[in-house]
Amino acid sequence: MFSRLPRGEEACESTVVGYGDPVTNTNVLTARERVDSLDIVRGVAIIGTLATNIWVFSHPWGLIGMLSAPTLPGESASAAQLVLMALAQGKFLALLSLTFGVGLALQHRSAVRHHRRWPGRYLWRAALLFLDGAVNYILIAEFDVLMGYAVTAAVVSFLLLTRPRAQRAMILVFGGIHVALISLIVLALTTSPGANVDGTLPDGPSPYADSSLLGLAGFRLDNAVIFRAEPVLIGFLSLAMFLTGAALLRAGVFAEEGARLRRRLMIAGACAAPADLVLGLTSTPAGLLLERYVAAPIVGLGLLGLLIELCHRRGTNGWWARRAREIGRVALSAYLLQNLLGGALFYGWGLGWAETFAAWRVPVTVTAFVMITVVVATAAHLWLRRFSTGPVEWLWRAAADLGSRRTSAAVGSLPS
């Protein structure tokens, strides 16, 4: 079925673009730029998730507070916060899901080309990603996406064995089920008296302000049902987005001749963006659900088309492009680092900014976002000057290759 790759995919096939694999493509410049554009999109997605998650870090009650009352009572800059939140909410999570689907499809094509069983050892790689996510969830951030991505990737690895037409049908089915589910929840919220309004914050001291690192880990384990609800809620959406990423790769979205497809994606995203912003500014549970889980994924498709088009028009070697590309190459390390830095700045086991600067939440949050982005980008730049892959990526790949013929090569690339 996949004995020959469509134009625009051969250039990327030798590069495994999921978490944990370095860029090894040695083709001509145009092929190199296609690979770089994927790294750039992934890097933007990683920083974009920080733009969403930073508001969770800066809330004195963390994720519980964001679910109950995203803006603090009496907060003078609440309108500015809603606008900033709406600009990032859900779009970059969708973009990251699309790039993950692209990476998964490329790994599948690489396995077919080299006559390896599929999904084969990829299921072990997915299990390790789930373990990475579990560590991130328990010790660092209760809004971890890696656990959900690992489960989705394992399922999609089997779905990629079906024909492209069947995969397109599954995108429609999974997307339809997701929209129906969100619509039912929104209907329940809007028809139940008092349900579609912000809640109240819990009484007493916040564990995010008072607990140690291990204390917060216990708190996350005690509230796992609440904190792990989102990956279950968006399970069908994640399946659809992964498969959509694979389908867009087949359609040549990264290729020079994919300009028409990219324009269509940008038009769809531009049409959804106004509704997305309006829903975000409603600051109601129903509005935020529709924004994050219905409108934002469409905007994410538009962002994908826009970023790839910019790479084709302006190249991939500009200063900003290189920084985004470097973050994309160490995506897993960057994701974990930015979450760790967010906790260190805002939680009680660190500097405790969430409680200390609650009255100045918006400017402090924006400042923290800029600071963390600069640190992550600088760390990625300095690291890649010496090593070909990120530190967490290397550990993940070495564990994934245990017992395989690639183990000796992986050990040989140990950072020194």
Side-chain angles (χ1 to χ4, degrees), residues 47-93 141-143 182 185-186 188-190 192-210 216 219 223 226-227 229-230 233 273-296 299 338-339 342-343 345-348 350-373:
I47 295 302
T49 61
L50 175 62
T52 300
N53 297 336
I54 196 69
W55 297 102
V56 183
F57 284 120
S58 69
H59 199 295
W61 276 89
L63 184 56
I64 288 181
M66 289 295 290
L67 294 174
S68 303
T71 58
L72 300 179
E75 193 169 13
S76 59
S78 58
Q81 177 187 334
L82 290 175
V83 171
L84 292 172
M85 288 174 56
L87 291 176
Q89 189 75 258
K91 291 88 170 163
F92 297 99
L93 178 64
E142 58 270 21
F143 43 80
I182 297 300
I185 297 174
V186 169
L189 288 172
T190 54
S192 301
N196 195 32
V197 295
D198 284 345
T200 57
L201 296 176
D203 295 326
S206 168
Y208 295 93
D210 296 344
L216 267 183
F219 178 72
N223 293 276
I226 297 175
F227 292 152
E230 184 182 54
L233 177 65
D276 177 271
L277 181 60
V278 170
L279 289 169
L281 295 178
T282 62
S283 189
T284 63
L288 294 177
L289 275 173
L290 289 172
E291 180 207 15
R292 182 173 174 85
Y293 301 129
V294 178
V299 179
Q338 69 187 26
N339 287 340
L345 288 177
F346 287 104
Y347 292 161
L351 298 180
W353 283 7
E355 193 80 16
T356 304
F357 298 112
W360 298 89
R361 185 184 178 200
V362 171
V364 170
T365 301
V366 173
T367 301
F369 169 76
V370 174
M371 290 172 55
I372 294 174
T373 300

State which residues pass side chain to side chain contact (heavy atoms under 4.5 Å, CB included) with [X]; sequence neighbours excluded, sorted by chain then number.
X	answer
F357	W353, V364
V370	V374
L50	I54, Q338, F369, I372, T373
L279	L290, E291, A295

For [X] and [Y], which heavy atoms make the closest approach, and how far apart are they?
X	Y	value
A86	G280	CB-CA, 4.2 Å
A188	S192	O-OG, 2.7 Å
A286	T190	CB-CG2, 3.9 Å
G287	T282	CA-OG1, 3.5 Å
L72	P60	CD2-CD, 3.7 Å
F92	T49	CB-N, 3.8 Å

| task | Report the residues that fulfil salt bridge (Lys or Arg N to Asp or Glu O under 4.0 Å) with E230, sequence neighbours left out, ordered by chain and then residue number. | result | R292
| said: If we check side-chain contact (heavy atoms from CB on, under 4.5 Å) with Y293, which of these qualifies: I185, I182, V186, L288? | reply: I182
| With sequence neighbours left out, what residues match N339 under side chain to side chain donor-acceptor pair (under 3.5 Å)? | none
Taking atom [atom1] of [X] and atom [atom2] of [Y], what is their separation to the nearest 0.5 Å?
X	Y	atom1	atom2	result
E355	W61	CD	CH2	9.5 Å
L67	F143	CG	CZ	11.5 Å
E142	I226	CD	CD1	11.0 Å

Donor-acceptor pair, [X] side chain versus [Y] backbone, under 3.5 Å?
X	Y	result
S58	R361	no
T52	A88	yes
H59	I64	no

| said: I want to know whether F346 and Y208 have ring centres closer than 6.0 Å. | reply: no
| query | Is the closest side-chain heavy-atom distance between N223 and L63 below 4.5 Å? | reply | no
| request: Answer whether the closest heavy-atom distance between the side chains of T365 and Q81 falls below 4.5 Å. | output: no
